[in-house]
Amino acid sequence: MLIDVFPTAAGAEPELLAGKTVLIIDVLRATSTITTALANEAAGVLPVLTIAEAKEAAATFAPGTFLLGGERKALKIPGFDLDNSPRQYSKGIVAGKTIIITTTNGTVAIKQALPAAALLIASFLNARAAAREAWKIGTDIYLLCAGTRNRFSLDDAACAGMLVYYLQELEPEARLGDLAFTLRHLYLAYQKDLPHLISHASHYQRLVALGLEADIAYCLQQNIYDIVPRWDKRQNLIVL
Ligand code: MLT
């Protein structure tokens with residue numbers, strides 16, 4: 001089994017992902033938000049690339065059955081129901097609803113990976129469960145970091161390192177690609193103080209500047225959910 005990491009969505013050619021298991025990582029905040037929505041009993045999450053596409057998709061749902069969520073520049077999109085703060089996706093708000101979501105990097109990475117044989121959503125919130133689920137499938141595994149505007153993002157990289165660490169515990173003979181090897185060591189060096197490492201991430205600092213420290217603290221919690229959202233080709237939705 002090969003385990004490797006793509007540092008950004010742009011670097012992951014869809015044809016390379018075909019037939020593989022892909023774990024999408026956008027710690028701050030898209031994959032943390034999607035995981036939270038499904039943990040809180042959302043009916044499903046529909047990722048789309050543009051605001052126009054989100055509104056077109058919304059027109060196909062009956063009123064009261066969906067919510068529009070996501071961000072641009074980390075802020076709520078005018079006319080949408082929710083921004084990209086996972087703390088907004090509480091049971092009282094999302095249970096039973098389909099979430100149509102568009103974000104700057106996270107939903108781009110998800111769309112890029114649709115040719116994968118299995119597409120799973122990972123974050124610190126569900127890292128152990130996501131590693132276990134990916135490993136059970138038994139194919140090569142690519143960890144696809146959303147990054148920030150096509151650039152390496154330390155928060156996603158740290159989570160990828162943690163996932164590689166968990167995966168290698170499950171499959172000691174796994175072959176690690178260069179970046180997987182490197183990020184596993186990064187994780188091991190900082191595992192006792194991940195918030196300190198991640199505080200150097202530019203997107204972390206952007207969220208702090210917007211007063212979103214509570215979102216960061218939420219997203220950096222480890223293994224609080226034992227669920228793994230996955231793309232369901234038949235339903236065209238991310239579900240549990
Ligand atoms: C994204 O997908 O770009 C992010 O999740 C941005 C954010 O809301 O922090």
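All values below were derived from every heavy atom in this structure, side-chain atoms included, with hydrogens, water molecules and symmetry-related copies excluded. Note that ligands are numbered from 1 as they come in the structure, with each ligand's atoms numbered from 1 the same way.
- Cation-pi check for Arg128 over Tyr166 is met; the charged atom lies under 6.0 angstrom from the ring centroid and within 45 degrees of its normal.
- Annotation: atom 9 (O) of ligand 1 to nearest protein heavy atom, His203 NE2, 2.6 Å.
- Taking the side chain as every heavy atom from C-beta outward, Leu220 and Ile198 approach each other to under 4.5 Å.
- Here's the thing with Asp26: one of its N/O atoms is less than 3.5 angstrom from an N/O atom of ligand 1.
- Residue Thr104 has at least one heavy-atom neighbour below 4.0 Å for each of these atoms of ligand 1: 1 (C), 2 (O), 3 (O).
- With contacts defined as side-chain heavy-atom distances shorter than 4.5 Å, the pair Leu38/Val45 qualifies.
- Under a 3.5 Å cut-off, the side chain of Thr31 and the backbone N or O of Ala122 do form a donor-acceptor pair.
- Scanning the protein heavy atoms around atom 3 (O) of ligand 1, the nearest turns out to be Asn105 ND2, 2.7 Å.
- The distance criterion of under 3.5 Å between nitrogen or oxygen atoms is met by Ala30 with respect to ligand 1.
- For ligand 1 and Asn84, the ligand atoms under 4.0 Å from any heavy atom of the residue are 4 (C), 5 (O), 6 (C), 7 (C), 8 (O).
- Residues Leu197 and Tyr187 fail the side-chain proximity criterion, which asks for heavy atoms closer than 4.5 Å.
- In terms of polar-atom proximity, Leu207 is not counted as a contact of ligand 1, lacking any N or O under 3.5 Å from an N or O of the ligand.
- Within the 4.0 Å heavy-atom shell around ligand 1 one does not find Arg206.
- Defined by atom type and a distance below 3.5 Å, a donor-acceptor pair is missing between the side-chain atoms of Asn40 and Tyr225.
- Close contacts of ligand 1 with Leu28, meaning ligand atoms under 4.0 Å from a residue heavy atom, involve 4 (C), 5 (O), 6 (C), 7 (C), 9 (O).
- Under the 3.5 Å distance criterion, the side-chain polar atoms of Asp156 are matched with a main-chain donor or acceptor of Gly147.
- Counting atoms of ligand 1 from 1 in the listed order, those under 4.0 Å from a heavy atom of Arg29 are 4 (C), 5 (O), 7 (C), 8 (O), 9 (O).
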